[in-house]
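The sequence lines fix the lettering, A, B, ..., with proteins before strands; numbering per chain opens at 1.
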Amino acid sequence: MRRLSAEARFGLVVLALFGAVALLAPLLAPYDPHAFSGAPLERPSRAHPLGTNDVGHDILSELIYGTRISLAVALAAGAGTVLIGTLIGGMAGYAGGWADRLLMRLVDGMMSLPRLPLLILLIAFLGSGLPQTILVISLLFWPTTARVVRAHVQSIRTRGYVRMARLFGGGHLYVFFRHILPQIAPVVAHGLVVSAGHAVAMEAGLAFLGLGDPTAKSWGLMVRFALNLPGLFLTGRWAWWALPPALCITLLILALTFVGIGTERAFNPRLNRRWQ
Amino acid sequence: MSPKRWLSLLLLLALALTACQGATPSPTATVPPPATAAPTPIPPTETPAPPAHVEVLRLPGGGYWGHPSPFGFNRGPGYMRASLIFDTLTWRDASGQTIPWLATDWSVSPDGKTWTFNLREGIRWQDGKPFTADDVVFTFEYGKAHPDVGWFMAQLGEVESVEKLSDSQVAIHLKRPFAPFLQTVAEAMFIIPKHIWEKVEDPKAYTEPDAFIGTGAYRLVEFSKEEGTYLFEANPDFFLGEPYVRRIEFVPVSDEAMALLNGDIAAFDKFGGVNEEMLAPFRQEPFQIKTAPGEWGMFLYFNLEKDTPLKDVRVRRAIAHSVDRQALLERVLLGFGDQGNPGFLPPSNPYYNPNVPDYPYDPERAKALLAEAGYDGTPIQLAYSPDWIMASTRVLEILKAGFDAIGLKIEPVTMDQATIDEAAQQGNYEMLITGFGGLGSDPDQLRRMFHSQSKMVGFSRARGYQNPEFDQLADAQVSMLDPAERRKTVDRMQEILAEDVPVFALYYTARVVVYNAEIFDNWYFTPGGFGGGVPMPYNKHQFIVGLPEGLEIRR
Amino acid sequence: MLTVRDLRVTFSVDGRARVRAVDGVSFDLERGGAMGVVGETGAGKTTLARALLGLHPTECVQGSVRLDGRELVGLSEEEWRAVRWRRIALVVQSVGTALDPVYRVGEQIGEPMRFHLGLSPAEAWARAEEVARRVGLSSRHLRAYPHQLSGGEKQRALLAMALACDPDVLVLDEPTSGQDMLSRARLLDLLAGLRRERGTGLLVISHDLAAVARLAERVAVLYAGKVVEMGPTEAVFGDPRHPYTWGLVHSYPDMSTARDLRSIRGHPPDPVGPPPGCRFHPRCTQAVERCRHEEPPMVEMNGRRVACHLGGLQTLLRAEGLRKVFLVENGDAREPLEAVRDVYLEIREGEVVALVGETGSGKTTLGRMLVGLLSPDGGRVVLEGRDLTAARGQERRLLARRVQLVPQDPFDAVNPRMTVAEVVREPLEVQKIGTPQEREERVRSVLRAVGLPTDPEFLALHAHELSGGQLQRVVIARALVLEPKLLIADEPVAMLDPSEQARVLNLLKEIQVERGLALLLISHDLALVRKVADRILVMQGGRIVEEGPGSRVVTQPAHEHTRALLESAPRLRT
């Protein structure tokens, strides 16, 4: 970890900050974000550093609590995506043959589908809410991870030590978890981070479209409500209402991307070991 | 899946992507105009005399309101778009008075049951075929044959039969004398070309190009479901002459106020949700602002067909007491409108009764009523549609604060617009937040919405409400041609509604239209709405004639 | 003529323990027949020879030795005189001490005749000259004193002495020891001629298997005083049934064998306290529990007798009609390629078999099928009687303990993320063998066995921190940690530099001997494997084209491909 690149370190620091904010939200937020703590559309003041929104919620408090949703989705949907992707990609890459062809056809099919309409369709079917959002993102975005994982598993599968482990009497599951999974761990970690970034964007997008829980305090929804206000840009309100959540989304995705780049370096252990 | 979703999806995607790339949240944000400084005026027109016509009128669109055929449109905005292509027997202008349109004049029989219309001579359909009395007869017969797809404001059920007296004269026979006939039948019913529609089996799904052939002042150029654009161009052969506005375009804009300031559009309108701060930039040349009291309301519906605690009137009253209508008005409308009236009709309606029982915000009283009713904490589902009217999310938040305060448990159910309208129409809800316009129109709407035998197709009819006295009064007022007598009856009907609370009015949005007078200055709100009650400032009359009143086109 | 039944010779050492130097030996020797008795030093060969001549105290010897029906056991020394030298004579092994230094050789040769036949000194001398001529000694030799003769000449003198009374049975104790090759050959010719001409029965006691093979048509294999195998010499040496015989045969340096000397692991047992059960079991590669407790009876089959609970040497692995077809992309078509065609082979306990062939001959594919990494398209692999091909689940896992592979590329065979300790421990973990401490101990023990350090620093190294040779040793250690019966090494040294090649190959050989493994060595290098292989299989185009003992295949290749391989093999001398 000491040899992380500057970006990756920046990404980690930002992630840690967001994490701290999410954890300490009740302490940091000046108000309950659901409380009508001010008059509607107050400008920034000492009482409301970022003013209030269209119904008088404190924007700063909304922003702070919004961190929780974004991070929760990033973690859960990222993990869900990677879990499905690793399972399916791992299975395809490890089993090979017809199972591989079948699963990869599924992956190709999934990737050729227009994901957003599908996303909306699924949300419409499952209903809106955080668990549904996480589930749907996981269900739709695993193929990318699956492909990468499959490619790596395929190359690792042919390695001698995998065959040798079979020869010692190791079962498929043992081989997969002992030899293949640790090798693709950096790939999985990278996939997790990248998927988390996608998930943040997707959650924000869904919330912005009104496909999340409409009363949740999420950044995407804040932007949605802000943009719904006529004259948002005319009155300068965008600066303290729409911009902060948008910046937070951007920053979080950026941080995840940077960390993702950092994890990519770990793909080949020989790169950062003393291999002459 | 509502088309509006698709569109907003695309918009949002663009935004999300920009956000992903670390750019500012929206391209528009890169040039934020200073809030306090004077807005950038559009370049002043050098022409000394105003132009004899308007070449292009660009209006904010972006939503999808169905395809603008006589049967394919959705709600008021869809009707408004279709009304540019299709005409009705009568219409109305800024005076609020009925004016001749396809018919030049009309008369009613002494028993009030037969209306005779003389049709304007020489009118041709946009495909060149002549318009005749046959088309009128066909329209009503076709409408009765397809009762489920008609414009819900058009009271076809009152029509017994339609008779062709000559090529230019028809008689419409009613089942009973019907006071609001001109507004809800003659003005609401699009006359359709017989030669096109007689072969159409499924009118709602019919989208061939000839589905958009009317007699109207505008032809449909194109519309896009995905982008929510609708483009119309003037019909030079229109029966009143070439329209004043030559081209009308509904285009998607991200921020209407900015778009108006930038000259991208000529006007925008709002039902509530504006305040002085937002209007300030438009309080100077070349902009003008016109406001009108609310004819569009937001309501809390109680489904009395379902076996819920809502069947007990005390629970409904308790809910009424828990609603902080002042907060709704101030927070959701920013004060730009009126508080809901337990008697349903808004103050702007000529038949508004201000003296009905009221339910001031009183959690203690509400709690007492709940206790009296023996409410046991059974959760009640509350359907609402946040993607359609975003304000309903805010309404929900404020209502929920009140419900929480009195211990009423609700389960919010989110739906898109089509789903919630369908649910409302089918009665598939327990409680419902919905809103609609037309409240300024004839008070017969009360009968259609609250009569226990009402068969009205639409999303605004109350479910399971039965009050014999109300039914009797409602039936009586239809045929009362004496305004004073009718007013007294309607007053009582409002009192009954306020006592029984089958629906609780939350607020009525005031209306505002903000426009650039240099592009087009003839904007008005039609009193009582047009086409049966559409409260929008987009009466086609103003675009065709270019003047508030009359049929003479401005030159 | 000579019938030996259940002959036992028991000594008491230090007046306490009783040592059975010969324990229940039985055999028959026909008139004019020749019988070999082979075994390591200390097996009881000399004791047996002396017992046949009644040279032990009477109380030490039990059982029966009959010569033409006459019981010799229990005869008095007086009675023995009539038998010894005249009927049965012994050529002793200790040449140096058998001749009296103060008498001329001729006098010593004649002495038995004077003593037993009552001849006069002159007659005896004349007769001695005749006998000496027969064994290739001249009158000059007879006149000489023993110290004036060479070892070979002394041996011949002793032989002449034994032949002096023209005995019916000649017992030869290590007749060829200490002789140069030339005199050894002449001696053997002499003995063969003697037998032919005079019908003398020979009992050849020797560890010189070649001599025994030359002289005797039957042979008994003696181990710790017991006969473990007996039968026709050609059969016993050519196809040993008892593991000890097998080891003995394969440890014998043979002129025609190109491979290095091998020996049987361990040492002959202490005669004072021989192991219970089968006496060979501590050194036996295939010993089972029963061998530890129960003495195996001598069982006769096909004219051979073997004392082994398992009926003799076991076949460890047998391949029956193995086939493997690969589909090879050729343009658009997928053409079948028969990598392995109908291969039958057997690997016996403790055997080193080399599978030699060029690249693409199918040897690696075959090797993978043999360990069960690849499932054959036809045929099956039977490991210790169980079908490896069909084994699944737990059975497959247990079979995995019996056969292990040392692959060609150690870097590919080791997970780069694992430490040396983890790599070597892995099979134990997979097989759930032992406690963590026991596993650690076994890891250290196999690492020591392959000559690697076992300090914590070394155990914590990763693959890329080791040299190729070190890593291959780690791989070998890992293969050994399950204590397999068969090690399949696929070009185990191909990736190493030449000095490492030799070291690793020697290590494999050492380990093979030490642990009693069978070893299948897959290689393209015939010159390399012939140093260690007992048998060589030559593979070409997916078939085994030649198979035979290492010596034969290398010296007398039967298949032209083998000859081609031999010619292409690098040689230091032409």
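- Rounded to the nearest 0.5 angstrom, Gln404(C) CD and Met164(A) CE are separated by 6.0 Å.
- Looking at every heavy atom in both residues, Val371(C) comes nearest to Leu167(A) through O-CD1, 3.3 Å.
- Per-residue heavy-atom pair counts under 4.5 Å with chain A were compared for Pro410(C), Ala400(C), Pro427(C), Gly372(C), and the maximum is reached by Pro427(C).
- Listed options Asp409(C), Val430(C), Asn415(C), Val475(C) were ranked by heavy-atom pairs under 4.5 angstrom with chain A; first place goes to Asn415(C).
- Distance check: Arg417(C) CZ to Tyr161(A) OH gives 8.5 Å after rounding to the nearest 0.5 Å.
- Of all the heavy atoms in Tyr174(A) and Glu426(C), the pair that sits closest is OH-OE2, 2.7 Å.
- Ranked by heavy-atom pairs under 4.5 Å with chain C, the list Gly171(A), Gly160(A), Pro182(A) is led by Gly160(A).
- The salt bridge (Lys or Arg N to Asp or Glu O under 4.0 Å) contacts involving residues 377-388 of chain C comprise Glu320(C)-Arg380(C), Lys324(C)-Asp377(C), Arg380(C)-Asp387(C), Glu384(C)-Arg386(C), Glu384(C)-Arg402(C), where partners must be two or more places apart or lie in separate chains.
- The list of ring pair (Phe, Tyr, Trp, His ring centres under 6.0 Å) pairs with a residue in residues 74-115 of chain A, not counting sequence neighbours, reads Tyr94(A)-His172(A).
- Interface with chain A: from residues 435-451 of chain C, no residue qualifies, criterion being any non-hydrogen pair under 4.5 Å.
- Only the backbone of Val414(C) comes within contact range of chain A, judged by heavy atoms closer than 4.5 Å.
- Taking Gln431(C), Arg478(C), Arg401(C) one by one and counting their heavy-atom pairs under 4.5 Å with chain A, the maximum is reached by Arg478(C).
- Arg163(A) is linked by a side-chain contact (heavy atoms from CB on, under 4.5 Å) to Arg368(C), Leu373(C), Asp412(C), counting only residues two or more places apart in sequence or in another chain.
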